[in-house]
Every structure is written in C-alpha cells, then in structure tokens.
Amino acid sequence: MTDRDWREQVQALLGRATKLEAGEAKVMALEEAARLADIHGDTGMAFEVRGALIEAATFGGFPDRALVAFAWCRGQQQKNPQRFPEEPLLWKQKWVVGRLDEFPHVSRKQIEAALDDAEQCFARAGAGQRAMLKLRYQTARDMGDTALAESFWARWVEAPRDHLTDCRACDLDDELDHHIDRGEYAVVLEKARPLLEGRYGCAEVPHLTLGSVLYPLFKQGRLEEARNAHLHGYALVRRNQEFLATVGEHLEFLALTGNVEHGLRLFARHLGWALGHPSHRDRFTFLAAALFLVEQALDAGREREELALPRAFPLYAPEGTYSLRALRDWLAAQAEGLAAKFDARNGTTRFKELLFRTRRMREEVHPFPIPFPG
Amino acid sequence: MGHRFQVNLRGIIDLLSHHLYSSPGVFVRELLQNATDAIRARRHLEPDHQGEIRVELIEKQDGGLPTLFFSDDGVGLTEEELHRFLATIGESSKREALEARRNDFIGQFGIGLLSCFMVCDELLVVTRSARGDGRTVEWRGRHDGTYTARTSEHPLERPGTQVFLVARPAAAEYFTPERVRQLASHYGGLLPFPIHLTAAGHTEHLNPTPPPWRQEYASASERRAALLAYGREVFDTEFVDCIPLHSEAGGVEGVAFVLPFSPHFHTKQKHRVYLKGMLLSESAENLLPDWAFFVRCVVDAQGLRPTASREAFYEDATLARARESLGQSLRQYLVELATEEPRALQRLIALHGLSVKALALDDDDFFRLVIHWLPFETTLGMMTLESYRQSFPTVYYVTTLDAFRQVARVAAAQGLGIINGAYTHDTALLEKLPRVLPDAQVELFSPSRLAQRFEEPTAEELEAVERLLHVARAALEPFGCEVSLKKFLPAEVPTLYGDVDDGAFRRDLERARQESDALYAAVLEGALTEEREEERPQLCFNLLNPVVCRLARVRSSEQLKLSVEMLYVQALLLGHRPLRAQELALLNRGLLGLIAAGLDEDDAGTGEVH
C-alpha cells in the first residue's frame, strides 16, 4: 500500500463515519482508520482518529471500545506530553472514568485509582470541583455506597460550573436520579420540566429524561403524560444501543401498565443489544426489567410466545416459538448473576435490592393500554 | 379613558419576537388565525354562515407609511371580552403561560394581536360581536403599553373584526403588495374561507382552489400529474412519484412525494404541515414512522396538537396512531408496487433500499413480499437475495466489514458467495429469513472457518510439508495463532489469516495495554480477563502457492522459522492488523535475519567464483 493510498483510505473511513448514525458501524469505521494509522506508524493521525473514536464509542453504546482507545491515547500522552498535551483528553477521560464501574471485572481499587488520577488531571487544568464531584457521586451511587453518594451529591450540586462541567441539560438530568432514589417523584417531575419542555437539550437529553420520568409519572398517577413520554422517548432511543438501560425503563413501564404484548415486542427487538452490551450495568437494567415483563406475561396466563429473538440468544429457536417459563428462568439467572458479580465487587447489596424492587413491582401494576408505535 | 397594561408590554413583545416567533412576518399568520377562529366560532352559532377574510394594503400617495387592513366576518368581540384578553395577557409573562393561552379563543386573539407590535407601533381594532348588544367597540393600543377602548362612533354594519396596522418605519418591508401577498398565500393558502387581497388597485382571491389532494380529476394520470406539479412548486424538486396519505386519527390528509435521490438515513425529512388549513410548519419531523425517510410530504391535520414552538406536533397517543396510519398508506403503496409493478418497485429499491429494508424488518408480510428483491453486497458483487439463493442454497453472511475484507478475495476466487452483513439492517434481515421462510438455511460465516472449506492436501503432500507445519506451529504458538495447511485459490496468496469475530478488537486491547501507563494497563487487564473465548485466530498456508511449496523444501530450520514468521507478519499487515510489541520485534529481527541470509548466500556465491 503506498503512502497516498492509506491516507486516502483513512480519510474515506473518517468521511464515512461522519455520515453514519451513532452505533457499531460508525465505531468500526473509526477503529479501522486507527489501525491503518497504526500500521503506518503515524502516531499523530492515530491520536486524532482515536479522539473521534472515543466520542463515537461513548455515544454509540461501546464504552469498552472508548476505554481501549482512551488508554492508548493516554499512553501516548504520558510518553510524549509535549506533543500530546493533557488538556484535550480531559473531557474524554470524564466519559471513560465515569463508566468504569459498569465493568464488574474492574476492581474497586482500580476505579478509585482512576478517579484520583482524574482529579489530579482536572486540578492541573485549573478546573473546579464540579465535574469530579459528579463523577464521584455517580460512581458511589452506582456502587451502592449510599452515604458516600449523598455527601458527594450535596457538594456537587452546590459547586460552581466551569469549563469542564457537563452541559446544563445533562447536569439537570443527572440530578433527577437522586430524587428518584429517594422516592421524591413530585420533585423529579418539577425539576425535569425544563428538559421535557425542550428548554435545555443535548445529544442525550431528553432521550434519557423521558425514560427516567416514566416511573415517577406512573407513581403520581399522571398516566397520559407517562404514555406520551413513553411514545416520544422510545422513538428517540430505539436506534442506539447507548440507551439500552433507558429501553429497560420503557419495558418496565409497559409491564407496569399491563402492556405485555407491546413490551414483548420491544424486548425481542432489543435483546440482541443486551446480549453483547459492554456495559454490564446497562445489561442488568434491561434484563431485570425484561424479567419483570415476562413474569407479568406468565401472570396473564401466557405460556408460549412467538418472538423474533436474535441468533446469539442461547435459547435461540429458529422457528421463533419460546416457552415463557424457560425465558423467565434464563432472565432470572442472568440478572441474578450480574447482580452477584456487581455486589461482590462493590461490597454492597445495591443490585440485589434493585432486583428485589423489580420483583415487588407486581403489586403496583395498573393497566393502561398504549398503542404500539411500530 | 386611557388604560395601561398590567405588565411591561415591551417585555412581552420581546419575548414573542425572540422566543416564540421565527420572523416578524408571522404577524400575518397570527391575524389570519384570529380571523379563522372568529369565523369558526360564528359558524357554531350560525352553521350556514360562509365567512370570508379581506386584506387590504393602503399605500399613501404622499409617501407616508402604508397601513394594512384585515377584516373578517367572524364572531367579533364584546367590550368585556376585549378587556378580558388584556387581562389574560397580563398574567402571561412566561412563554409557557402564553402558550397555554393559545388554547382558548380570547387568549389566542390577544397573543395574535400583540405579535403585530413586531411591525407596527399602533394598532386599531374595531369589532362587533355577534353575541353582544350590537354595539361596535374600538380599541386603540400602542406598543408603549397604553390603550383606549370605547364605543365606536362608526358602527360596523354586521358582526366581525377589523384590524388596522400602520407600518413602523423600520418594518416597512412587510407592507409592500408583494410581501403581503406572499405571506398571506404562504400561511393561508389552504384555508377553507376565501381570502381576498386588495393592493395596488387590484383585488385577488388568494385561495380559490382547495388543496390538490381534495380536488377532482378526470383521470388517475391527470391527478398524478397535478400532484407532482404541486410537489415541484412546494419543494422545488422533481419527485419520482406521489402517494396519497390519509389518517382517521388526527384527521390527517395529504400527499407524500417520493424523493428522486437517496437521503442519508439519519437525515430527517422536513415535511410541510398545516393545522386546519393554516400553515404550521415547513419543517415538521415527527409525522411519519422512522423507516419512511424516502418521502417528503404536505399534510393538513384537523386534530393534532402543535408543540410550543409550533414547529412540530406534540407527541401523544393521537399522533402515534396517525403516524401508524400514515405508515400504512406508504406501506400500501409499496405493496401495490410489489404486486402490480415489480419493475417500479425495483427502481424504488435501488433509490430507497434502506427504507424498504427497515420496513421489511418490522413487518413480516412485507418482508415476505420484498425480501428476494433486496440487494446485498456479496463476495461475488452486488446481487439480489433471489439470485444469490439460486446459486447458494445456504445463505452465508458475515457481520462486520473486517470479516468481510478477510474473506472477500479468497471466497471470490473459490466462487463462494458470502454476504456482507455489515450494512444497516442487512444482518437482521438475513437472520429473520428462516423465521419467516422456514425452508431457508442461513449461517453465520466466520473467517477462521473459511479454511475448513478448502481442499485438504493428500497424505503424500502432507508428509512432504510435515516439517513446515511443525516449525510453523512452534513458531506461532507464542502469538496465540494456530496453523493449518490447505490448497486454495488464488494460488498467488501464500497464507490466509482468519480471525475470530472480535479478534481485531482483542488485538487493539492488547496493544493499548502495552502502550498505556500502569494505571490504565491494569484497568484493561480487568477488562481482558473477562469472557476470553477458546477460539483462536488461524494462519492457513496455501499449498498451491509456489513460495509455500519451496518453503517445504527448505532445510535450515532457522531459515524456515524466519520465513514463517515473516509470512505471519505480512498476513497481519495485509489484514489491517497493527502489530503487537512482540510482533514488531519479530519483524525487526526477521528483516535483519533475511538480509543476513541473503548476504550469506551472496558470500557463498562469491566464494565459488574465486
């Protein structure tokens, strides 16, 4: 391959990537471009391409690929800080570090080390505490350390904004979790209003928000609004596996409102994402919701179901008929397995409790028919 | 009697012009909306009332500022209602509150009037209510927040409302005959009540015909021609075809135009939508199902709710049902093409294959109808699934570009067709095949298995290459690569590197670990340990290749090992696999070794001569 050839190929791949929607194809095109640059020893190009790759992987549902690309950039940065300054990597570091806890094989100690390291990097860049406090809050929350999470939350929301903090829409959306955890549903809905009314928005808001408010709306008896949030929100997230957990929230909502048939179709459509999803936390959210849904289907007297499940599914049946009991057992084993791994790593019981919460939802079911959006 | 608004009027006007409206020109829409609402309200009282709207531009001969005059014969307002709208506006200092007011007649009337202050400083409203005591009320408002309201000395002969706007000097551009005509036709061209515009001494009926999809035509082809001409006029595009749209839910009617080019599949098509005949938006996005991005449409809806920005419809259950029905209209069109004009469908697939594929994915019956006409990229070129299946009873596919690149050349040389499933929807469509057509055989193809299909060497040949195999296995073991030896075409390919599904990513991961610092190397180690698969990549030597045949006869084990290692590195690089640290060392060592070996030979040769 001549020098010109491969540079043209890289440019063609980059061009192709910009035209693709968020997702695997886009990530793969950028990975291919990075490999070409690597083969030809063009570190500068390889570094630049990986910048785009980290972003595409983060927003396209491949946090593992973002992590690998970041680790490579980080290595170059450390070896040659003159050529590759730290600052432009910080924003990406935030994306990557914020998701480490979603891989159960990454140890607690490693997560803490990565957080401490990020804190030092941010401090060197003259950033305030806000971005770090949020990262620490979210990590502690995800890992089930409630007391620690609460203390970081209180400090985070009071810390002033600066050039490395997330956009207002994201920050506001992330604030909702705290109130959801505490069952403050009215507060959630009040705080979410500017996001739902479209006054603030970004690449992931209101996509995420419309999933988060489903349960609060349901609990407040605002079913029509919940249905609209479902229809609107699902349309926004259905094409990007980055939103697997949000799809899980939609499944849970459909099960809660007795829309089992509709829910099963969504489950079948998105199970493929869950099977290979790099974020095991998002897998858990989806599978736990699916478990609840299938339990609902069984309660409704369904036994066997025609479902278009993907080939990678371990119980895959080419003719497409599945026993719901077998499905339930498989989902339960998966969800419990993930919960056990996370709880063991975290040294807490959060995931077991999340499963328990899902199991208790049977008592909250309140039928409210919703048309299938197609 | 002079009144003052309860609120800072300038603030509200600012709010309107900066946050609610895209351009000052929308005051024409607002006045038409008010007139329309008033006529509809009057029809509630008097079902036989026809209703009409008159617009007149009065230009001064002396060069003074022009005046615009709007009048309708709608329900009119009583004095009490006039005061009420001012009061409601007083409460509406927020955008959301203003929006909420739009839902009632009086509120909308007030907001509509206020929008006029974007282009004028003073407004005169003369109105007589069909419900009141027959009095005519006159309201004169100024942009500074003062107004007067009183019984008019020039009573109107019949109920209705007249609005007079004197142009603000800076906004005189909105008060020319061309501009007024353009704005009024733009917003009100589909209104069901006649609009007459008088300007420059000439009166014109701006909306003499109903929307083209509601007109009668002598024949289907005439209808098609008329609709396509309309599409050309609206979107300035020569469309391929037009499809009537209809939905009970939301009361939607209109026409979809088939684009003459393939759009990027993440471009949202911007549709022109009317709400009860009034133009709502030229860029509504959420009207059709996701898959239907091959059309742009014009529709009029009777019962959908606009969002605050008035740029789209509010996402509610009615819209979901309407979207479903409109999707059905489009689907019906495709089904008719499939059954009656398959050639036309094939042309459409060539342009809009992605839309058709997306629909086929969600819809089994449609899938059955079109799947065989859909084109796929294969190792033997583009072909429809039908022609592929005629040659290959089992459908083989790979899911990534990388895998496709690995197998493409060799598979093509073998005459083996493998489908590239890396494009949007293709893998999902193929995996759906056996579910919908139970006789179809579909198999995922792994590049590491390509070698299994090659011709095995005979026992004799195998014996001759036994040492090569042995040395190669030992040499490549440290790199986690297995070795096999087969006979395959093309003969000029010495080896084939077949990787496992996520092999490329695993190598990226390992290289990143080697390149990164201690902290991230450890983090990646955590990620690496998970779910390691048993399957390993494979280097398959081609016994039909002359170099490989010669290698089998090399006596020096050292030389043989070196050659094997170099073939391995070459295979990696040809397969776009950047080298890991240990492979890079191999390459460096190997190059030196080969040069040294070459020099030795040369030395030996020189020795003979002397």
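Side chains included, hydrogens not; waters and symmetry mates left out as well; all remaining heavy atoms used. In what follows, chains carry the letters A, B, and so on, assigned in the order in which the sequence lines appear, proteins first and then strands, with residues in each chain numbered from 1.
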**OP:** Evaluate the side-chain proximity of R511(B) to D38(A): yes if any heavy-atom separation is below 4.5 Å, no if none is.
**Re:** yes

Subject >> Pairwise side-chain contact, E315(B) with H230(A), heavy-atom cut-off 4.5 Å (strictly under) >> reply: no

Original post:
Under 4.0 Å between a Lys/Arg side-chain N and an Asp/Glu carboxylate O for D64(A) and R506(B)?
Top reply: no

Original post:
Any ion pair linking R227(A) and D316(B) (charged N to carboxylate O, less than 4.0 Å)?
Top reply: no

Original post:
Do E306(A) and R435(B) meet the salt-bridge criterion of a basic N to acidic O distance under 4.0 Å?
Top reply: no

Original post:
Is it the side chain or the backbone of R507(B) that comes within 4.5 Å of chain A heavy atoms, both, or neither?
Top reply: neither

**OP:** Go through the atoms of L100(A) and report whether side chain, backbone, both or neither lie under 4.5 Å from a heavy atom of chain B.
**Re:** side chain

Subject >> Within-4.5 Å side-chain heavy-atom neighbours: D402(B) and E32(A) >> reply: yes

**OP:** Could you look at T400(B) and say if it's the side chain, the backbone, both or neither that has a heavy atom under 4.5 Å from chain A?
**Re:** both

Original post:
Checking heavy atoms, do the side chain of R345(A), its backbone, both or neither come under 4.5 Å from chain B?
Top reply: neither

Subject >> Heavy-atom side-chain proximity of D362(B) to R265(A) below 4.5 angstrom >> reply: no

Original post:
Going by heavy atoms in the side chains, are F103(A) and V523(B) under 4.5 Å from each other?
Top reply: no

Original post:
Do R74(A) and L519(B) touch side chain to side chain, with heavy atoms closer than 4.5 Å?
Top reply: yes

Original post:
Measuring heavy-atom distances to chain B, does Y316(A) have an atom under 4.5 Å in its side chain, in its backbone, in both, or in neither?
Top reply: side chain

**OP:** Take K432(B) and R311(A), measure what side chain to side chain contact (heavy atoms under 4.5 Å, CB included) needs, and give me the verdict at the end.
**Re:** CA-CA 9 Å; K432(B) 182 171 178 155; R311(A) 177 176 292 259; over 6 Å; no

**OP:** Determine whether Y520(B) and F70(A) make a side-chain contact, defined as any pair of heavy atoms from C-beta on separated by less than 4.5 Å.
**Re:** yes

Original post:
Would you say C73(A) and E515(B) make side-chain contact, with heavy atoms under 4.5 Å?
Top reply: no

Original post:
What part of A504(B) is in contact with chain A, defined as an atom under 4.5 angstrom from a non-hydrogen atom: side chain, backbone, both or neither?
Top reply: both

